[in-house]
2 protein chains.
Amino acid sequence: MPFDAPFTEVHAPALFGNPEGGASGVKIRYAREEEIFGEGEPAEYVYQVLSGAVRTYRILRDGRRQIDEFHFAGGYFGMEVGSAHRTTAEAIGNSTVLVARRATFTDMADQRGDVARQLLKLTMEGSQRRQDHVVLLGRKSASERVVSLLLDLAERSGSPSVLDVPMSRQDMADYLGLTIETVSRTLTQLQTDGMISIPTTRRIVLRNRAALADMIE
Amino acid sequence: MPFDAPFTEVHAPALFGNPEGGASGVKIRYAREEEIFGEGEPAEYVYQVLSGAVRTYRILRDGRRQIDEFHFAGGYFGMEVGSAHRTTAEAIGNSTVLVARRATFTDMADQRGDVARQLLKLTMEGSQRRQDHVVLLGRKSASERVVSLLLDLAERSGSPSVLDVPMSRQDMADYLGLTIETVSRTLTQLQTDGMISIPTTRRIVLRNRAALADMIE
DNA sequence: CGTTAGTTTGACCTAATTCAAATACTGTGG
DNA sequence: CCACAGTATTTGAATTAGGTCAAACTAACG
């Protein structure tokens, strides 16, 4: 492991960025590819990404994987209705994550209207993201899917033209409901068409935002 | 229209089944295929199905449609983070729907912890449904998708063996990310294999639940 | 009953997958 | 800092699941 084993800090920022009185948590580091929780495990904690990136996914019997969501700094994940996690969560690169007991957190939501409202808002935003994901998977072509992801990644990191892509091509494929080969070919084609350039595997430059946006409605 | 125009009743059950003090609403009837709200319209009300069935969907520029969810008696829909609806909602068959002002409803959630908790729970359940939908669309084959829908419909109506399917083949296709022809061929094949029988178009008998369940993990 | 819309079936096609191989990275230890 | 080993990515060729186009059939409704 090229990264320190998970460690704990006593003082940590409040969960969900509540300035004062938010449910505080414990900061934990995860190494690249390290599991944060597994599908089926008790959902005792909720999580917020402080730095790095996290993927949550489900696996079918025969190994097919579907990534449910990519979580970046500020994103929260791991909250469930029932008592068990419905996905597996893993750090994509070395990441720091804020962890709080779910019970502490829901107690706080029960007591404070603003926390409850914020929790509901975050949950609804996650639900809307999944709604977009459903449209993408149900009705978009391979190139539309790839472009949607690129523009989404750009938007989520402040809309720079030079994108740092933290995840592998396999991760992209498993998020987009495609194969790694199709993702690769599509990116190559977009480069050939002058829409993007790919200086390195994990870096993609958006060369023609308007045309890209036009591809996905 | 074979159905009465929407009408209003003064006295209506409480929204979300809260026994006393729940945000009460107004009961409205919608005829088959009638629109309840359109994508982009102000999201001023929230809705709960009392009888019948409702579909919510998005449409892409070129007309591709993705059904986000089917809502049956007890299901709620139309709640948004922002000020506008992100989907269009239509009655599938003649349906009655309970309608409440969103503001009234969120005010109540602010004042009463139990209402806030219930709202969060319902929102999270909807989000989990979409998560399953994402896995279905991203990684399942046509027959797995169709079988998943059949078993889901059965489960949601108390797991009878004889299913009353309220929606058209086109609706099924647009929910499953398939074409109407593929849905039809898949159903025919399932019948040929003895897994189901299709006495009428809108009625499907599950003949071998164990084998069907086995097809979808 | 007749008309119209919804569904099924058939033949053919294509976007994306699969299988296979070449190429390019990345991290690690010397 | 460089070379090597292992992994990730790209590219190519062949295949296929599901889509498209078209026509026949069926059911619902006035």
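Per chain, numbering begins at 1; letters A, B, ... match sequence-line order.
When all heavy atoms of B/Ile59 and B/Glu39 are compared, the pair lying nearest together is N-OE1, 3.8 Å. The two residues A/His71 and A/Phe77 come nearest to each other via the heavy atoms CE1-CB, 3.4 Å.
Of the residues B/Arg130, B/Arg129, B/Arg58, the one that meets the side-chain hydrogen bond (donor to acceptor under 3.5 Å, both in side chains) test with B/Asp68 is B/Arg130.
Of the charged side-chain nitrogens involved, at least one lies within less than 4.0 Å of a carboxylate oxygen, so that B/Asp171 and B/Arg65 count as a salt-bridged pair.
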For B/Gln189 and B/Thr192, run side-chain hydrogen bond (donor to acceptor under 3.5 Å, both in side chains): C-alpha distance rounded to whole Å, both residues' side-chain angles, the deciding distance at 0.1 Å, then the answer. CA-CA 5 Å; B/Gln189 187 57 49; B/Thr192 305; 4.9 Å; no
Steps toward side-chain hydrogen bond (donor to acceptor under 3.5 Å, both in side chains) verdict (B/Ser141, B/Glu144): CA-CA 5 Å; B/Ser141 69; B/Glu144 290 171 329; 3.3 Å; yes
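Protein atom CD1 of A/Ile92 is 14 Å distant from nucleotide atom P of D/dA8, rounded to whole Å. Distance CG (A/Asp171) to P (D/dT7): 16 Å, rounded to an integer number of Å. B/Asn94 places its CG atom 10 Å from the P atom of D/dC29, with the value rounded to the nearest Å.
If one axis is set at each end of the helix from C/dC1-D/dG30 to C/dG30-D/dC1 from five pairs, those axes are 50° apart, to 10°.
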Per-nucleotide protein contact along nucleotides 7-19 of chain C, 5' to 3', at a 4.0 Å heavy-atom cut-off (B base, S sugar-phosphate only, - neither), is SBBBB----SBBB
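For B/Tyr47 and B/Phe37, the gap between ring centers is short of 6.0 Å.
Cation-pi geometry between A/Arg55 and A/Phe70 is not satisfied (NZ or CZ under 6.0 Å from the ring centre, within 45° of the ring normal).
When the shell of 6.0 Å around CZ of B/Arg156 is examined, it contains more than 12 heavy atoms from other residues, nucleotides or ligands.
For B/Tyr57 and B/Glu90, the side-chain atoms include at least one donor-acceptor pair closer than 3.5 Å.
Against DNA chain D, the stretch residues 60-71 of chain A makes no heavy-atom approach under 4.0 Å.
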